[in-house]
Amino acid sequence: MAAAQKNLALREPVWVQWLLTTVALAFLVLFLVIPLITVFYEAFRQGLGVYWAAITEPDAQSAIRLTLLTVAIAVPINTLFGIAAAWAITKHRFRGKQFLTTLIDLPFAVSPIVAGLIYLLLYGAQGWWGGWLIENDLRVVFAVPGIVLVIMFGTLPFVARELIPHMQEQGTDFEEAAVSLGASGLQTFFKVTLPAIKWSLLYGIILCNARAMGEFGAVTVVSGNIRGETNTMPLHVEVLYNEYQLAAAFAVASLLAGLALVTIVLKTLIEWKTERDRRLDEISFQAHYEASLQAQKQDPRP
Amino acid sequence: MSIAVRNVKKTFGSFHALDDLSLDIDSGELVALLGPSGCGKTTLLRIIAGLEQADSGQVLFEGEDATDIHVRKRQVGFVFQHYALFRHMTVFENVAFGLKVRPRAVRPSKAEIAERVHELLNLVQLDWLADRMPNQLSGGQRQRIALARALAVEPKVLLLDEPFGALDAKVRMELRRWLRRLHDELHVTSVFVTHDQEEAMEVSDRVVVMNRGRIEQLGAPAEIYDHPANPFVYEFIGQVNKLAGRISNGAVEFGGIRANLGIPDLADAESVITYVRPHEIDVRPGQEAAEGWLPATVETSSVAGPTLRLDTRLTATGEEVHVEIRRGHAEHDSLRQGDVVQLKPLNPRVFAPPSAA
């Protein structure tokens with residue numbers, strides 16, 4: 001009764017509801033749906049054959065391979081880093097913890113172009129370590145290592161940021177219980193901590209992966225845009241576009257857009273699953289409460 | 001397995017959680033650490049468990065120094081307030097955890113583990129839940145599983161941190177009686193933390209009353225209730241009336257009224273506080289004064305089950321005095337607001353005011 005009244009009190013007039021909904025939908029269509037449809041429309045406009053040719057052409061293949069390679073290096077490393085950082089921050093007390101938490105967020109605050117320039121400044125021929133790198137015949141900038149480095153920089157926060165709130169909420173009880181039962185550090189991590197955070201972790205990895213594949217600003221600074229060698233997919237799209245190969249540009253872009261869609265679907269699934277787990281926890285508690293009272297009455301000890 | 005805590009100190013920043021605390025717990029005892037939040041009881045329990053390191057001092061198990069033994073090797077069973085059952089494992093797997101993580105050389109076989117787990121689940125009377133997930137259990141069931149899990153590793157001591165704190169009143173009461181019976185069966189040395197005096201009194205062999213990182217009093221529940229060592233214990237355990245007064249010639253003066261309370265050897269003092277339990281006051285209706293009786297006026301009279309509660313105000317000082325007496329005497333039951341009564345404290349204790357202590 002009280003809840004219904006409260007609902008009524010909070011309800012907007014019908015025309016306000018309609019107006020708000022319409023505005024929200026219009027924005028979504030204008031800024032999200034139409035561009036997304038355009039990508040796929042333009043990509044397939046000249047037929048499947050052109051589409052297929054665009055993504056199997058050697059330079060496109062090389063861009064796809066390079067993107068997959070950088071992601072294959074950057075994402076696992078950042079995942080390990082993210083787990084380690086989240087573990088340290090949430091399960092231990094130490095000085096400078098707050099500072100570390102802020103530091104992890106830094107890549108979000110720095111413009112990708114600036115990030116690229118920083119790496120150019122450090123590893124470039126005129127850079128701080130440039131001389132030493134050249135002497136030892138190590139190419140970082142305008143080569144794959146540089147691309148991997150700036151992508152790692154840009155995507156560093158994702159896994160840690162997903163894990164930290166979740167792990168904070170869980171506290172240290174589970175780990176302490178495991179250790180008091182005789183588990184070693186590794187056993188505790190693999191049997192207790194990891195299963196508890198697996199969905200957040202997967203979510204973090206998916207976001208990290210999507211961002212790593214799409215990274216443009218920083219990569220464009222350090223890659224040197226060597227076709228077939230240091231062009232990742234987003235860079236390849238730009239090159240094609242600048243050469244007025246619109247259909248090809250959109251074809252490669254559609255791969256990235258498709259990745260975004262898959263990411264969103266996975267993200268929604270994971271959120272749905274964790275939310276359901278949480279709700280189950282609460283509902284079942286209520287449902288079994290009565291049963292437990294009964295059960296406790298039924299087994300009195302002599 | 002006896003536990004000895006020797007001169008343990010622990011600070012968190014500038015906060016003294018434990019201040020040079022020593023405590024001996026005999027083998028097979030069930031001891032309650034009781035105190036208000038922030039008194040250091042949980043810190044003490046965690047130091048005994050090895051989950052927390054003391055800044056200085058020692059923890060001895062059966063006379064042997066365990067201070068530097070890691071939790072993993074300390075062989076303590078720890079039960080958490082929020083159960084800490086592993087959510088992704090079944091009840092069976094939870095209880096088996098401590099056996100399964102043992103190094104291969106000392107790990108029991110699969111069959112032995114299964115047998116042991118079912119034995120424990122039977123002990124906590126929940127064998128029928130073996131295949132459930134923790135989120136399918138009620139709070140009381142979860143805590144019993146948590147206890148079975150802790151017992152699986154055959155701990156030398158069992159440590160419970162507010163084990164019933166997250167449960168509602170009814171389940172809590174049933175579970176603590178059950179814990180007491182279980183302890184009488186197993187006789188494993190057990191320490192549990194609680195802020196609920198009733199729980200501590202009902203379950204434990206001995207109660208350790210703590211405050212501000214120190215032990216205020218240690219003793220059997222009845223001893224603590226009947227003979228509180230100081231004002232803190234008096235106020236923390238049970239209800240108490242506090243009456244300000246002074247002492248001259250061996251009698252206490254409340255306002256203008258002298259009362260010989262029958263306490264021997266009272267030294268003269270300008271300011272004292274007399275502690276009296278509400279149920280340790282005799283009530284006599286009427287104006288008629290007598291030695292040792294204090295006149296008061298009834299403000300409210302209410303019924304709580306078999307007990308009659310009177311809120312009265314002392315005529316001499318205007319202080320409130322709560323009285324609890326058994327119902328059934330017509331002269332008491334008929335008392336109404338404004339009636340004058342005479343009160344006689346039966347088991348009063350006199351302390352100097354806390355500021356002077």
Side-chain angles (χ1 to χ4, degrees), chain A residues 91-95 166-167 169-201 273-302, chain B residues 12 46 49-51 70-89 93-94 97-103 124-126 128-129 132-142 144 146 149-150 152-153 155 159 161 168 170-171 174-175 177-178 181-182 184-185:
Chain A
K91 311 278 174 181
H92 296 277
R93 289 192 296 248
F94 58 91
R95 226 178 260 266
H166 189 188
M167 287 169 80
E169 186 195 334
Q170 287 186 339
T172 51
D173 276 8
F174 298 113
E175 283 76 15
E176 286 180 350
V179 175
S180 78
L181 290 167
S184 66
L186 279 180
Q187 283 172 324
T188 304
F189 179 75
F190 283 108
K191 286 176 192 273
V192 175
T193 307
L194 199 59
I197 61 169
K198 62 178 177 215
W199 292 113
S200 313
L201 181 63
K273 166 130 187 68
T274 48
E275 184 55 34
R276 196 193 56 171
D277 281 357
R278 190 165 305 166
R279 252 204 328 269
L280 258 181
D281 249 11
E282 285 162 16
I283 293 170
S284 63
F285 186 86
Q286 290 293 331
H288 286 263
Y289 173 63
E290 287 293 317
S292 82
L293 282 182
Q294 284 308 111
Q296 277 166 7
K297 278 191 197 109
Q298 277 163 11
D299 44 39
R301 299 237 7 129
Chain B
F12 294 107
R46 290 172 59 84
L51 290 171
H70 190 267
V71 214
R72 180 149 54 96
K73 301 262 166 78
R74 223 180 256 208
Q75 287 181 274
V76 295
F78 202 95
V79 175
F80 296 81
Q81 178 175 3
H82 298 288
Y83 332 121
L85 291 180
F86 306 131
R87 285 180 215 171
H88 57 285
M89 297 182 196
E93 288 167 336
N94 263 283
F97 184 86
L99 300 171
K100 282 187 177 166
V101 295
R102 284 190 184 166
V124 299
Q125 302 151 344
L126 293 175
W128 52 290
L129 291 176
R132 300 276 183 89
M133 298 304 280
N135 66 14
Q136 296 174 300
L137 308 184
S138 72
Q141 290 168 340
R142 289 184 206 194
R144 287 198 278 173
R149 182 179 69 177
V153 294
L159 306 171
D161 184 9
D168 68 289
K170 195 174 157 76
V171 178
E174 284 173 5
L175 214 53
R177 290 188 183 142
W178 173 82
R181 287 193 299 265
L182 188 71
D184 292 343
E185 254 174 66

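Values reported hereafter were calculated over all heavy atoms of this structure, with side chains retained and with hydrogens, waters and symmetry mates removed. Lettering follows sequence order; numbering is per chain, from 1.
Contact of A:Thr172 with chain B is not made at all, since no heavy-atom distance falls under 4.5 Å. Both the backbone and the side chain of A:Lys191 come within contact range of chain B, with heavy atoms under 4.5 Å apart. Heavy atoms of B:Met133 lying under 4.5 Å from chain A are absent altogether. No part of B:Ala152 comes within reach of chain A, as not one of its non-hydrogen atoms sits under 4.5 angstrom from that chain. Looking at B:Leu85, the atoms closer than 4.5 Å to chain A (heavy atoms on both sides) all sit in the backbone: N, CA, C or O. For a residue to count as touching a neighbouring chain, one of its non-hydrogen atoms must lie under 4.5 Å from one of that chain's; by this rule A:Gln187 touches chain B with the side chain only.
With B:Phe86 as the aromatic partner, B:Arg149 meets the cation-pi criteria of under 6.0 angstrom to the ring centre and within 45 degrees of the ring axis.
Nearest heavy-atom pair across B:Val71 and B:Ala49 is CG1-O, 3.3 Å. Between A:Glu175 and A:Val192, the shortest heavy-atom contact is N-CG1, 4.5 Å. The nearest pair of heavy atoms linking A:Thr188 to A:Ala183 is OG1-CB, 3.6 Å. Here the closest heavy-atom approach between residue B:Val79 and residue B:Ala146 is recorded as CG2-O, 4.2 Å.
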